[in-house]
S.K.: 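Structure provided below as structure tokens; questions to follow.
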Amino acid sequence: MLRFFSLIIVVFATSISIVAQSKPIKRKYRGVYEGLIPSYQVHLGADVFEVRTVKIRVFVDRDSLFLEIGNYHFGSDYSVTNNHSNYTLTATRSESGIPEEMVLDTKSRTLTRKGLYPQPDVILERLGRLPRR
């Protein structure tokens with residue numbers, strides 16, 4: 001009896017994970033997006049630090065997302081939620097646990113990266129297709 005319930009739980013858990021996977025975004029929206037994160041100030045106690053402008057590049061593939069911010073390189077899988085005229089891409093960062101959230105506007109083909117406070121939001125323009133490996 002215990003084995004039967006264990007089997008039911010395992011089958012249920014695997015079927016939920018299969019159903020929960022999101023559909024990939026269309027091929028015409030995949031590619032390389034690039035923009036600039038403007039300079040901003042960070043207040044740490046009584047000190048104020050100026051963070052300089054840095055280039056950001058995002059590679060959106062069928063099942064993965066790669067992010068380059070200056071010398072920082074990050075890759076992860078992502079989940080997609082589809083709104084009326086845009087997609088919301090959410091990628092998890094294993095180092096911090098804070099998700100990267102980006103909104104892909106299908107009409108203008110721009111990607112808006114939601115910055116974490118005090119970092120401002122960034123609008124990224126599509127450069128073209130992904131480089132092949």
S.K.: Are M102 and Y72 connected, step by step, through hydrophobic side chains (Ile, Leu, Val, Met, Phe, Trp, Tyr) whose heavy atoms are closer than 4.5 Å?
M.R.: yes
S.K.: Which distance, rounded to the nearest 0.5 Å, do you find between the OG1 of T92 and the CG of L65?
M.R.: 10.5 Å
S.K.: Do F74 and V51 belong together in a cluster built from hydrophobic side chains that touch within less than 4.5 Å?
M.R.: yes
S.K.: Looking at R30, is its backbone amide N or carbonyl O close enough to the side chain of R129 to form a donor-acceptor pair, meaning the two atoms are under 3.5 Å apart?
M.R.: no
S.K.: State yes or no: do Y40 and L36 share one hydrophobic cluster built from I, L, V, M, F, W and Y residues joined by side-chain heavy-atom distances below 4.5 Å, directly or via other members?
M.R.: no
S.K.: Taking V103 as the starting point, is it possible to reach V60 by hopping between hydrophobic residues whose side chains are less than 4.5 Å apart?
M.R.: no
S.K.: How far does NE2 of H73 sit from CG of N71, to the nearest 0.5 angstrom?
M.R.: 6.5 Å
S.K.: Using the rule side-chain contact (heavy atoms from CB on, under 4.5 Å), only one of L127, L104, I56 pairs with Y33; which is it?
M.R.: L104
S.K.: Report the C-alpha separation of V54 and I69 in whole Å, then their side-chain angles, then the decisive distance to 0.1 Å, and conclude whether the side-chain contact (heavy atoms from CB on, under 4.5 Å) test is met.
M.R.: CA-CA 7 Å; V54 67; I69 302 176; 3.9 Å; yes
S.K.: Once rounded to the nearest 0.5 Å, what's the spacing between atom CG of D63 and atom OG of S76?
M.R.: 10.5 Å
S.K.: Can you find a heavy atom in the side chain of V48 that is under 4.5 Å from one in the side chain of V42?
M.R.: no
S.K.: Could you tell me the separation between the NZ atom of K55 and the CD1 atom of I37, rounded to the nearest 0.5 Å?
M.R.: 12.0 Å
S.K.: Within the supplied structure, the quantity of interest is the number of heavy atoms (other residues, nucleotides, ligands) at a distance under 6.0 Å from Y117 OH; does it exceed 12?
M.R.: no
S.K.: Taking salt bridge (charged side-chain N to carboxylate O under 4.0 Å, His left out) as the cut-off, I'd like each qualifying pair that reaches into residues 96-107, sequence neighbours left out, listed once.
M.R.: R93-E100, E100-R113
S.K.: How long is the gap from CG on L67 to OH on Y78, to the nearest 0.5 Å?
M.R.: 13.5 Å
S.K.: Is any side-chain heavy atom of E125 closer than 4.5 Å to one of T110?
M.R.: yes
S.K.: Does any part of the side chain of K114, heavy atoms only, come nearer than 4.5 Å to the side chain of D121, both counted from C-beta?
M.R.: yes
S.K.: Indicate yes or no: at least one non-hydrogen side-chain atom of E68 is less than 4.5 angstrom from one of F59.
M.R.: yes
S.K.: How many angstroms lie between CG in L111 and CG in L89, if you round to the nearest 0.5 Å?
M.R.: 6.0 Å
